[in-house]
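All values below come from the heavy atoms of this structure, side chains included, with hydrogens, waters and symmetry mates left out.
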There are 2 protein chains.
Amino acid sequence: MRNCTRIYFDNAAATPLRPEVRAAMEPYWSDTFGNAGSPYAVSRAARMAIDRARTQVAALIGAHSDEIVFTSGGTESDNWALLGVALANLETRCHAIVSAIEHHAVLETATTLRELGFEVEEVGVDGNGVVQLETLDALLRPETCLVSIMTVNNETGVVQPLEAISQRTRERGIVLHSDAVQAAGKVLLDVEGSGIDIASLSAHKLGGPKGVGALWVRRGTRMRALLRGGGQERGRRAGTENVPGIVGFGAACELAELEMEANREQMCTLRERLEQGVREIEGARLNGESAPRAPHITNFSLPGNRGESMALNFDMRGFAIGTGSACASGALEPSHVLAAMGLSRAEARSSLRVSLSAQNTGAEVDEFLDVLRELVKK
Amino acid sequence: MRNCTRIYFDNAAATPLRPEVRAAMEPYWSDTFGNAGSPYAVSRAARMAIDRARTQVAALIGAHSDEIVFTSGGTESDNWALLGVALANLETRCHAIVSAIEHHAVLETATTLRELGFEVEEVGVDGNGVVQLETLDALLRPETCLVSIMTVNNETGVVQPLEAISQRTRERGIVLHSDAVQAAGKVLLDVEGSGIDIASLSAHKLGGPKGVGALWVRRGTRMRALLRGGGQERGRRAGTENVPGIVGFGAACELAELEMEANREQMCTLRERLEQGVREIEGARLNGESAPRAPHITNFSLPGNRGESMALNFDMRGFAIGTGSACASGALEPSHVLAAMGLSRAEARSSLRVSLSAQNTGAEVDEFLDVLRELVKK
């Protein structure tokens, strides 16, 4: 790895493009480059490649392929999910619920919904970062039209109780959206068999290219297009299809599906090794430790230390580590996720997120722990 | 070119990725792959690459680089331009004007604006496809907050009178958006010196990758983000930056700027040769012929023939040719642009759009004319 980053521990922020994925994208740059909507040979081949990718993405999450709509990434998917349901409910300006630990792409879009006249409330989490079902019950109303709760939290890896949540939304006819960006390829998903209606996906979190994502929309879900102006994606998302990107996303999903079990085991072993080392540091707290978690993320607080300063020190030693979500990096506010879990500002600010891939090694974990112990001593 | 497309005459729909652009993108797939928002080496290098691309895009259109915001393409840019101004004016639900020949990305977003409570009116064009200034004058009101008129029409290549239009919007404090997707790299743009406030751009129309575009937003323009949820693009467009795509867009703009004059001449010569051949066909009509036009597009009607059927016949002979905008392909409705110019449905349906690049040759044009004459005879 160039640029003096030797050990990459921020796989929840971005992953390198896998060589197999890059090879799959290859023919679509300047050979089969046609606009997939056009009526001639070079475009028909592009159309077929998109259809194949749609099947690959659908297979990873247990969906019908006609329910997959390609977007420019997880953020567009999250924005569209909320705005799409809102646009379909402009007449009534109904009530929506999001969890307090959602990605900012959901939380800030909730603000847009409020500006459009919708009422949006937040449901909190317990000390382990799990959405509180009793609070959700208390918030649900006859006029609630949308609930948005993520599958796997991007800062802690905590898996949310979507089965229990979807029982509640299902029986009330409420649309349930789930940001599954950190879940796809990491935990087994069966969206069709679930009670979820809409799920957001991103390619670059699982070895695919940046700039591509998808929204899974269950057949019959009442929502509207956000980006309009062309018949692409059967009228659900306008814009010339990013053919190489979509092909790459499909290839990455196929690999992720094949390797999920093996990768899970590998990442769980690495994470356990890492967390064992962290536990031995005095005062350390593993955030969300007792909750069900996806295998690739760990988050811990080291009171008395500053997360940003530790991350910078790790950077100087060739590590790539974030303090929380990459999207919030640069922001001086402590994590809203950790705050919702009851951590003080100081505790939240003393936190690091390490996110693994199956390409990481035990030796990297050991080197990380050596540096961590050294930094904490200072 | 594979897939049996030998002669590519649909450059307004998509262009192949240029080899130089592909090479520029190369390091950002799996070496400098970091999330550009993260605080470590592999990400800082990505951030620098984005900044460089921003300067390259700005240079092509005569903008300040801090006014360039990267998006997922022309459609997102158009949607955002209209929705962004609307979101900034939710209090007043003001009045907007779009031209009748806009891309569907503008026309359909105008429909969303209407659903949100805004009044949107359309200004028509004359027989040459040029926006009628007198009609615009009649539509302008004290409460007009937005006018959207494209720079170069994507079906006819006709250049719109933006200087005259912007004099009108400027003196009234109205935000003027222009879809410049077909203009960038084809005609000289100086957005800073113009009276335009917002302009849409797309990478894949000028040798760059699909899935990337930009919105130029003049400093101080009152508009809001559409995609929210992260600090990227200084809070103006959330979502992990598509680093390779953005780098490719920048490289394509730099090449387009260098070669614009030479390419213009080459395309004008080819187009004149093609149009001379078309003129000799009985009953042929060159649409927008007397208006100022960008060099790469020609559109003609051949009454008594069907555009779709001609395009299919061309496809079987190895040509890639569209009947109008690729986005509308598959739609059975005749072109709204030609209808606005006063063509009958039958005339509009007898039309073809040929769009050139500087890589096309005179021999290709001659072969095209041979096939065209043969098809018309039938």
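Using a 4.5 Å cut-off between heavy atoms, B:Leu226 contacts chain A through both its backbone and its side chain. Proximity to chain A (any heavy atom under 4.5 Å) is shown, for B:Ser202, by neither the backbone nor the side chain. The parts of A:Thr111 that come within reach of chain B are both its backbone and its side chain, each placing non-hydrogen atoms under 4.5 angstrom from that chain. For B:Thr112, the parts sitting under 4.5 Å from any heavy atom of chain A are the backbone and the side chain alike. Residue contact with chain A, scored on non-hydrogen atoms closer than 4.5 Å, involves the side chain of B:Asn79 exclusively. Interface remark: A:Arg93 contributes side-chain atoms only to the contact with chain B (heavy atom separation under 4.5 Å). Using a 4.5 Å cut-off between heavy atoms, B:Phe319 contacts chain A through its backbone alone, with no side-chain atom that close. Within the 4.5 angstrom heavy-atom criterion, no atom of A:Glu102 approaches chain B.
Salt bridge annotation for B:Glu115-A:Arg228: present, with a cationic side-chain nitrogen under 4.0 angstrom from a carboxylate oxygen.
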Take A:Asn35 and B:Asp10 through the test side chain to side chain contact (heavy atoms under 4.5 Å, CB included) and record every step on the way to the result. CA-CA 9 Å; A:Asn35 190 312; B:Asp10 206 13; 5.8 Å; no
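Counting only heavy atoms from C-beta outward, the side chains of B:Pro39 and A:Asp315 never approach each other to under 4.5 Å.
B:Thr240 contributes atom OG1, which lies 7.5 Å from atom NZ of A:Lys210 (distance to the nearest 0.5 angstrom). Taken to the nearest 0.5 Å, the CG atom of A:Leu227 stands 6.5 Å off from the CG atom of B:Leu227. Separation of atoms CD1 (B:Ile321) and OG (A:Ser38) is listed at 11.5 Å; rounding is to 0.5 Å.
Of the listed residues (B:Phe314, B:Trp80, B:Trp29, B:Tyr28), the one with the most heavy-atom contacts under 4.5 Å to chain A is B:Trp29. Comparing A:His204, A:Arg18, A:Met316 by heavy-atom pairs within less than 4.5 Å of chain B, the highest count is held by A:His204. With chain A as partner, the option from B:Ala238, B:Gly245, B:Pro244, B:Gly73 having the largest number of non-hydrogen pairs under 4.5 angstrom is B:Ala238. With chain B as partner, the option from A:Ala225, A:Pro19, A:Ala105 having the largest number of non-hydrogen pairs under 4.5 angstrom is A:Ala105. Among A:Val212, A:Thr15, A:Leu107, A:Val106, the residue making the largest number of heavy-atom pairs under 4.5 Å with chain B is A:Thr15. With respect to chain A, the highest number of heavy-atom pairs below 4.5 Å among B:Ala14, B:Gly117, B:Ala320 belongs to B:Ala320.
A distance-only check finds a donor-acceptor pair linking the side chain of B:Thr5 to the backbone of A:Val42 [under 3.5 Å].
Between the side chains of B:Arg237 and A:Ser72, at least one donor N or O sits under 3.5 Å from an acceptor N or O.
Ring geometry for B:Tyr8 against A:Tyr40 counts as perpendicular: the plane angle is over 60°, on a 0 to 90° scale with 30° as the lower cut.
Here the shortest heavy-atom pairing between A:Gly229 and B:His103 reads O-CE1, 3.5 Å.
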